[in-house]
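To keep things clear, I will list the structure first and then write my remarks on it.
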2 protein chains.
Amino acid sequence: MRPTMKDVASAAGVALKTVSRVVNGEPGVHPATAERVRAAIERLGYSRNESARVLRRGRTATIGLVIEDVADPFYSGLSRAVEDVVIEHGCLLLSGSSGEEPGRERELVETFCARRVDGLIVVPAGDDHTYLRPELEAGTPVVFADRPPGAGLDVDTVLADNAGGARQAVRHLMAHGHRRIAFLGDDPAIFTAAERLRGYRDELGELYDERLVAMRAPSAEAVHADLERMFALDEPPTALFTGNGRYTVTTLRALERRRVALVGFDDFELADLLDPGVTVVAQEPAWMGRVAAELLFRRLGGDTGHSEHVELPVRLIVRGSGELPP
Amino acid sequence: MRPTMKDVASAAGVALKTVSRVVNGEPGVHPATAERVRAAIERLGYSRNESARVLRRGRTATIGLVIEDVADPFYSGLSRAVEDVVIEHGCLLLSGSSGEEPGRERELVETFCARRVDGLIVVPAGDDHTYLRPELEAGTPVVFADRPPGAGLDVDTVLADNAGGARQAVRHLMAHGHRRIAFLGDDPAIFTAAERLRGYRDELGELYDERLVAMRAPSAEAVHADLERMFALDEPPTALFTGNGRYTVTTLRALERRRVALVGFDDFELADLLDPGVTVVAQEPAWMGRVAAELLFRRLGGDTGHSEHVELPVRLIVRGSGELPP
DNA sequence: CTGAAAGCGCTAACAG
DNA sequence: CTGTTAGCGCTTTCAG
């Protein structure tokens, strides 16, 4: 089996505690003794068992991250930023993808909690988070990112200005002469989709027409069908506003080479290389991840103030598709 | 503090061990007793402390994954697949990005090992992995993915057919009449880059001209400069072969709207929407991740056969850019 | 069917 | 400067 501190201790002819001191760089060990211990460690190939340490100290130095899907560029960008902050703080990251399934989200969170992660960053899939109550009461800080928790939970949140971004997109298209602007977005059960719809609707005001709205999961078939339906209207849309990165891409594919004005929510790689370049309302996933992680570590550092609600601005990037005339 | 098994035991008026039996679904507990225990668990909000369990049982039910960068679509696709397999096996995934730095790779691996992960999947950044020796001797299975370990380490590997893919790309361009085919790739210190160069060179044979080869990190400036240099030659290239996804994108950007035949290694989203569509040699990161993870779990299941070396095929996807005439 | 005791490998508290 | 002791919360072993 693997050598333990006890083995190192007898190999070096010292007490267990002395080895512990050397391993943890605690002061008060004679240099010569320390050297003997280090030699024994080297010789036996000893490495501290963190599990035992965790059990004794009560902190795992581990953060849990639940996102929707690591393979989605938005979330992988967020993950990487979280990871960087976590490492800076000498911790490790346990992460999992919920796949937009509330049950999976809950399982992941509960498994992370059973492992006693020191803190949790969650992009929720569901809208009932009462199951987190005991964990919060036990003192585990939790930060929700991208989407808020279900009702009745008072935790820190880091969200983007979804409604404001949607307003900006619509305003931009209207400034370029459009009056018939369609919105293609995800199921409004998803917070961000609902918020973007709200912004779209608010900005359009009188011009709002529900026939120009389609909200469901962005399959190629769904998007194709929705576009066909809208373009067959008496007054078809002259511009499109797509509700997220995946929607934008699916829509561009469905449009084939038809040139229709388009603004998408979320930036994506190569948006600039398409013809025309795709005008987008860009979020910064890495920024969101970093802010959420830093907030979490502030809580871990002892900040027990009121829950904070950060709203990250978004910005319009003009590239051509949003400036096409009606 | 949090309730422990002991607390549950006294609340239910049974012994510690009985609670343990109920929590673990072990047989041999009277239904009525079990019910009392479950009620106490519910009432106290008890959840088992996995750290203590791990310490006692010696298995963490955790797999470590070291990749280059989660934010890179290739690795995030691989990650997601690994994660799925890991979850299927009731385990959790600890992951980290090396950022192509050997030191960071080693730190991550060692930290994972100190946490006693049950197994490790590594996309190495460095080429010396002797530091893994003690871990391997302790019986921790390790699978290398995408790139092999440094000399002297006999472990399982899952690699793509890099050289074959490069040969395929070159053959395709030659079949379309090209004789001056440039190669833009990463630093050949990176295994995949070196292998692709090898395939490119082999296939070109007599036509190989080192002036048409540029290998370094794909910054916009570097690629721009390399292209300028090559296009200024007496016999400039009529086609380009780019060594990975990031290189392809950087090169497309540097080319602006110049139409040059191009085949890229790695597929990427929107390759089909560009004009012309980008012909690529595609790998399947999710497949690689799944194969690596399944191999790892076979080892964890007790398979102690010789180390395996899986080579995953790649496939050419024809979209237009690779079929442009000289 | 139930329980008491030992101990996983480490750190905290306190002596020497 | 060094060592001893107790115990983190659980599972394992063995005894009722």
Side-chain angles (χ1 to χ4, degrees), chain A residues 1-38 40-41 44-62 90 111 113-118 134 138-139, chain B residues 1-38 40-41 44-62 111 113-118 134 138-140:
Chain A
M1 275 310 300
R2 268 171 210 280
T4 71
M5 268 194 185
K6 205 170 148 191
D7 299 328
V8 174
S10 46
V14 297
L16 182 63
K17 179 67 216 185
T18 302
V19 179
S20 171
R21 287 204 178 91
V22 173
V23 169
N24 295 304
E26 283 170 30
V29 178
H30 192 90
T33 316
E35 204 34 68
R36 263 199 355 266
V37 171
R38 263 189 290 272
I41 287 176
L44 300 182
Y46 168 79
S47 102
R48 180 171 64 195
N49 182 326
E50 289 295 325
S51 304
R53 177 169 218 243
V54 156
L55 178 59
R56 187 62 243 237
R57 309 199 9 165
R59 304 190 95 221
T60 53
T62 308
T111 313
C113 290
R115 303 262 178 138
R116 300 290 186 268
V117 292
D118 294 337
Chain B
M1 275 311 299
R2 269 172 210 279
T4 71
M5 269 195 184
K6 203 171 150 192
D7 300 327
V8 175
S10 47
V14 296
L16 182 61
K17 178 65 218 185
T18 303
V19 179
S20 171
R21 287 205 178 89
V22 173
V23 169
N24 295 304
E26 283 170 31
V29 178
H30 192 88
T33 315
E35 203 34 67
R36 270 208 340 274
V37 171
R38 264 189 290 274
I41 286 175
L44 300 182
Y46 169 79
S47 101
R48 180 172 63 196
N49 183 326
E50 290 294 327
S51 304
R53 177 168 218 243
V54 156
L55 177 59
R56 191 59 242 238
R57 307 200 15 166
R59 302 192 99 219
T60 53
T62 307
T111 315
C113 290
R115 303 260 178 138
R116 300 291 185 267
V117 291
D118 294 337
T140 309

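These numbers come from a predicted model, not from an experiment.
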With a cut-off of 3.5 Å and sequence neighbours excluded, list every side-chain donor-acceptor pair involving residues 20-28 of chain A.
residue, atom, partner, partner atom, Å
A/Ser20, OG, A/Asn24, ND2, 3.4
A/Asn24, OD1, A/Arg48, NH1, 2.3
A/Asn24, OD1, A/Arg53, NH2, 3.4
A/Asn24, ND2, A/Ser20, O, 2.8

Exercise: identify the closest heavy-atom pair between B/Ala61 and B/Asp118: N-OD2, 2.7 Å
Start and end of chain B contact along DNA chain C [non-hydrogen atoms, under 4.0 Å]: C/dC1 to C/dG9
Minimum heavy-atom distance between B/Ala52 and A/Leu55, given as atom pair plus value: CB-CD1, 3.7 Å
Along DNA chain D, first and last positions that approach a heavy atom of chain A under 4.0 Å: D/dC1 to D/dG9
Backbone N/O of A/Glu50 and side chain of B/Arg115: donor-acceptor pair under 3.5 Å: no
Residue mapping more 5' on DNA chain C - nearest nucleotide basis, A/Met5 or B/Arg21: B/Arg21
Bend angle of the helix from C/dC1-D/dG16 to C/dG16-D/dC1, from helix axes over five pairs at each end, nearest 10°: 40°
Nearest heavy atoms of A/Ala15 and A/Ala9, plus distance in Å: C-CB, 3.8 Å
Over all atoms of both residues, closest heavy-atom pair of B/Val117 and B/Thr60: CA-OG1, 3.5 Å
Residues touching DNA chain D, which here means a heavy atom under 4.0 Å, drawn from residues 45-62 of chain A: A/Leu55, A/Arg56
Within residues 22-29 of chain B: residues closer than 4.0 Å to DNA chain D (heavy atoms): B/Asn24
Spacing of NE2 belonging to A/His30 relative to CD belonging to A/Glu35, to within rounding of 0.5 Å: 11.0 Å
From B/Ile41 atom CD1 to B/Asp7 atom CG, the distance as rounded to the nearest 0.5 Å: 12.0 Å
5'-most by nearest nucleotide on DNA chain C - B/Arg116 or B/Lys17: B/Lys17
Intermediate values then yes/no, side chain to side chain donor-acceptor pair (under 3.5 Å), B/Ser47 and A/Arg116: CA-CA 10 Å; B/Ser47 101; A/Arg116 300 290 186 268; 3.2 Å; yes
Heavy-atom pair of closest approach, residues A/Lys6 and A/Leu16: N-CD1, 3.5 Å
Stepwise side chain to side chain contact (heavy atoms under 4.5 Å, CB included) check, A/Asn49 with A/Thr4: CA-CA 8 Å; A/Asn49 182 326; A/Thr4 71; over 6 Å; no
Residue pair B/Val54 / B/Arg59: nearest heavy atoms and the distance that separates them: CG2-O, 3.6 Å
